[in-house]
Chemist: 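This is the structure, below, for whatever I ask next.
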Number of protein chains: 2
Amino acid sequence: MIITRATEYAIRAVLYMSRFPTGDIVLKKDICRTQDVTPAFLTKIFQPMIKEGIIGSQRGVGGGFYLKKEPKHITLYDIFEIQEDPLYLNKCLIEEGNCARDTYCPVHSAWENVREKMIDQLRLYDFARLAAEEKENIQKRIQTRNNCAQD
Amino acid sequence: MIITRATEYAIRAVLYMSRFPTGDIVLKKDICRTQDVTPAFLTKIFQPMIKEGIIGSQRGVGGGFYLKKEPKHITLYDIFEIQEDPLYLNKCLIEEGNCARDTYCPVHSAWENVREKMIDQLRLYDFARLAAEEKENIQKRIQTRNNCAQD
DNA sequence: GGCTGCCTGACCAATTTTGTCAACATTTTT
DNA sequence: AAAAATGTTGACAAAATTGGTCAGGCAGCC
């Protein structure tokens, strides 16, 4: 089980855009260059996110994309949900009860549970947090490198 | 994100085998018939599970497959791990630190965390439990149906 | 030794992923 | 109003993965 390139690119792109003030237009070519995606593919990936109101777009000269929501209010799950198919719930071994619509397959409810917990986890990570962590990590890295240089 | 047919078949097959005493040989054709898998595909799916010591096989007349471990000691994760690729960890935006091997990309650690929680959840479900739940659900279903018949 | 059944690796079709492209629709600039 | 810069859309296509099949080999049992 794996996340698709599309999901990864989408996350990286939003993380990159989170560095700029919400609403500021970010140039497509800048996103593509820094995140290593082709423009055509980025456009494709962004479409559903624009429809969902996470990202906005501006045509014409000086156009590009911008965050429509505060990074704090965008979570990994928001991106995940848009880019990935839902977790597959396996068909029940015993189906089509006449009297009830309950699920008889124990594996079914197990997967539902796993899926819920997974969603809960993904919701913990909003992009304000991720951007802050990234910044912090970069700081630490610079310090560590300096220390090493002294050795 | 979805689980493969192979994973689902594998889980269903082990759940079916859990109904029989551990070590008892179960005929391939019975597994295939009840779980709706082709024999050739089931063979393919079972191979890695045999290598991992979850299932045993017996050739010759009266041969087939059997559980090598108690259902109680087989969890959904055991099957999942064998059949699915590991959760993809996205590459760090900032890579190849000279001084440290730490990860600087915050998304990386987020995925690691999600993965761990997912594994924890999958480990909660062992096949003794699943088999018991299945049995229970079938009982309930019969009762419900009887009630409906009275209406 | 022959029958029954699993094992292995090669093979293949269908589906999904990962893009690309061309024509079109807007917006800004001049 | 025309031109230039950009995003939008849908069709297309290559590559990878999934979901199987098959033939020949191997191991037990009678």
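Each chain gets a letter, A, B and so on, in the order its sequence line appears, and its residues count up from 1. Just so we're clear, the structure is a prediction, and the values are computed from it rather than from any experiment.
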Chemist: I want to verify a distance call: between D:dT9, D:dT21, C:dT18, whose nearest atom is closest to the B:A40 side chain?
Modeler: D:dT21

Chemist: Round to the nearest Å and state the distance from A:Q47 atom CD to C:dC21 atom P.
Modeler: 18 Å

Chemist: Determine the contact category for A:T43: base if any of its heavy atoms lies under 4.0 Å from a base atom, sugar-phosphate if only primed atoms, P, OP1 or OP2 are that close, otherwise nothing.
Modeler: base

Chemist: Sequence neighbours excluded, which residues qualify as ring pair (Phe, Tyr, Trp, His ring centres under 6.0 Å) partners of A:Y77?
Modeler: none

Chemist: Anything under 30° is parallel, anything over 60° is perpendicular, the rest tilted; go ahead and classify A:Y9 against A:F41.
Modeler: perpendicular

Chemist: Whether A:Y9 contacts C:dG19 is assessed here as follows: a side-chain N or O lying under 4.0 Å from the phosphate OP1 or OP2. Is that the case?
Modeler: yes

Chemist: Just wondering, do B:N113 and A:L124 contact through their side chains at under 4.5 Å, heavy atoms?
Modeler: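 Side-chain contact under 4.5 Å: no.
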
Chemist: Is any side-chain heavy atom of B:E52 less than 4.5 Å from a side-chain heavy atom of B:E81?
Modeler: no

Chemist: Hey, which of these two, A:A6 or B:L27, hits DNA chain C nearer its 5' end, going by closest nucleotide?
Modeler: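 Looking at the nearest nucleotide for each, B:L27 comes out on the 5' side.
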
Chemist: Can you tell me the distance, in whole Å, between the CE atom of A:M1 and the C1' atom of D:dA16?
Modeler: 18 Å

Chemist: What integer distance in Å separates B:Q35:CD from D:dG20:P?
Modeler: 15 Å

Chemist: Nearest to the side chain of A:F41, heavy atoms from C-beta on, is which of C:dT18, D:dG20, C:dC7?
Modeler: C:dT18

Chemist: Check for a donor-acceptor pair, side chain of A:T7 on one end and backbone N or O of A:I3 on the other, with a separation under 3.5 Å.
Modeler: no

Chemist: Please give me every residue in residues 58-69 of chain A whose heavy atoms get under 4.0 Å of an atom in DNA chain D, ordered by residue number.
Modeler: A:Q58, A:R59, A:G60, A:V61, A:G62, A:G63, A:G64, A:F65

Chemist: Please state how far atom CZ in A:F46 lies from atom P in C:dG19, giving the value in whole angstrom units.
Modeler: 15 Å

Chemist: For the pair made of CZ in A:R5 and C1' in D:dA15, what is the distance, rounded to whole Å?
Modeler: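 My rounded result for the distance is 14 Å.
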
Chemist: Taking atom C1' of D:dA5 as reference, at what distance in whole Å does atom CD1 of A:I25 sit?
Modeler: 13 Å

Chemist: Would you say that A:Q58 contacts A:F65 through its side chain, given a criterion of any heavy-atom pair below 4.5 Å between the two side chains?
Modeler: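 No; the side chains remain at least 4.5 Å from each other.
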
Chemist: Counting neighbours of NZ on A:K69 that are heavy atoms of other residues, nucleotides or ligands and sit closer than 6.0 Å, is the number greater than 12?
Modeler: yes

Chemist: Mind calculating the distance between CD1 (A:I45) and P (C:dG19) to the nearest angstrom?
Modeler: 8 Å

Chemist: Given atom CD1 of B:I3 and atom P of D:dT18, what is their separation to the nearest angstrom?
Modeler: 13 Å

Chemist: Does B:K44 contact D:dG20 through a side-chain donor or acceptor facing the base, at a distance under 3.5 Å?
Modeler: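 Indeed, a donor on one side and an acceptor on the other fall under 3.5 Å apart.
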
Chemist: Between B:S57 and C:dC7, does any side-chain N or O lie under 4.0 Å from OP1 or OP2?
Modeler: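 For B:S57, the contact criterion (side-chain N or O under 4.0 Å from OP1 or OP2 of C:dC7) is met.
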
